[in-house]
2 protein chains.
Amino acid sequence: MGESDHKTLHARAQHTSTNRREEILEAAVAVFAESGYYRATTAQVAERVGISQPYVYRFFETKEALFLAALERATDRIVRVFSEVQASPEQLAEEMGRAYVELTRTHRNEIVLQVQAQGIRDEPIRQAMRSSMRRVKDVVTQRLMTAGIRNTQPQVSAFLAKGMLCNVAAVLGMPELTECL
Amino acid sequence: MGESDHKTLHARAQHTSTNRREEILEAAVAVFAESGYYRATTAQVAERVGISQPYVYRFFETKEALFLAALERATDRIVRVFSEVQASPEQLAEEMGRAYVELTRTHRNEIVLQVQAQGIRDEPIRQAMRSSMRRVKDVVTQRLMTAGIRNTQPQVSAFLAKGMLCNVAAVLGMPELTECL
DNA sequence: GTATTATGTAATTGATCAATCAATAACATT
DNA sequence: AATGTTATTGATTGATCAATTACATAATAC
């Protein structure tokens, strides 16, 4: 569905509709990551932005829709990071791994969101997570293939596997799990 | 903490206190796995056992305590499975992998519980999950070391990583993620 | 300078649940 | 029968929240 709807993009940080949407989304990432999808309240999100709770519903139809948007933003960033890594074919996988570890530091909240969403049983969220996994798998596959790496699939799987362990390590705060990757 | 409290252990499947506890725990695994920790209600668990909702609280002080017990049961089984695998040193890791994939089929619900718990932000549950990861890591390390495998840590990490991807594949119902491991 | 739209809030509702409590039924033991 | 214990429930409460409604104010246009 729609997400790019910017008419007004003055340099000034005005409270335009689009800005608000962004602010809310950013607050949502933080609040959901901190409290988890179910315990997080729309009031918390509102408070963080400095608006009233009902006003959130001007921008997102439901709490679920808000969460899905936050989740998509996280997936977008992961895909973007992978697609932007520059390295020689021999070092590509390694560099992408490094970039991901970096991501778990700079945008931990978005990673936390992904791990949370993996465990959520609501069908729309499960679907979003399946889509997320597919998108990430696809970009990794495409990059490794373009780099001319043979027998791509096992490499991709191993790469994703490491990513999943990274995630858990980040979420649980257990860096020791990640050391020997 | 305490769990063995059996005075009456007739062959007969009476409604002894211990039996009830087990029944509730088993129901809880299923209900939590199906609905997720937060959406699952103690009433659902009770209904599944065929008892009243308040009666659940005779056996578990809080919903959280019930979830923690269910989670521990899941971890126990994983650890047990790994500790019981028999194979030559060269095939040990491979066989343990196979055993785990088998586990994700025979006791999917318990695996689902683990993935869910990874994303839950309540401190007692996070602690339980850290403990769970440590226990699993320890048993894998111990087995690989005992089998005389050199440079254990990287092997262990790679093994755990694959496990995490297995989990996600199982939870999201995406077997294709697991094929090329 | 009034109509209209965008930006916002306060107040409220309707539903859901975890948890408690007082009571009862069923079963042993003496 | 009297006494005690174990297993169990119905009724209720207290709190939390997503979502709605109805109202207010500021900006823009006409």
Q: Name all residues meeting the ring-ring contact (aromatic ring centres under 6.0 Å, His included) criterion together with B/Tyr57; count only those two or more places apart in sequence or in a different chain, and write none if there are none.
A: none
Q. Rounded to whole angstrom units, what separation is found between the CD atom of B/Gln44 and the P atom of C/dT16?
A. 12 Å
Q | Those residues that, when tested against B/Phe82, pass ring-ring contact (aromatic ring centres under 6.0 Å, His included) (two or more places apart) | A | B/Tyr100, B/Phe159
Q. Where along nucleotides 17-22 of chain C does protein come under 4.0 Å, by heavy atom, of base (B) or sugar-phosphate alone (S), with - for untouched nucleotides?
A. SSBBB-
Q | Residue-phosphate contact under 4.0 Å: A/Arg20 side-chain N/O, C/dA6 OP1/OP2 | A | no
Q: Using side-chain hydrogen bond (donor to acceptor under 3.5 Å, both in side chains) as the criterion, list what pairs up with A/Glu95, not counting sequence neighbours.
A: A/Arg98
Q. Among pairs that include at least one residue of residues 101-113 of chain B, which meet side chain to side chain donor-acceptor pair (under 3.5 Å), considering only residues two or more places apart or in two chains?
A. B/Arg77-B/His107, B/Arg77-B/Glu110
Q: Give the rounded distance in Å between these two atoms: OH of B/Tyr55 and P of C/dA25.
A: 16 Å
Q: Grab the CZ-P distance between A/Arg21 and C/dA6 for me, whole Å please.
A: 17 Å
Q: With sequence neighbours excluded, tell me which residues meet salt bridge (Lys or Arg N to Asp or Glu O under 4.0 Å) with B/Glu123.
A: B/Arg126, B/Arg130
Q. Are any side-chain N or O atoms of B/Gln116 and backbone N or O atoms of B/Tyr37, one a donor and one an acceptor, separated by less than 3.5 Å?
A. yes
Q.
Please report the distance, rounded to the nearest Å, between CD1 in B/Ile51 and P in D/dT8.
A. 7 Å
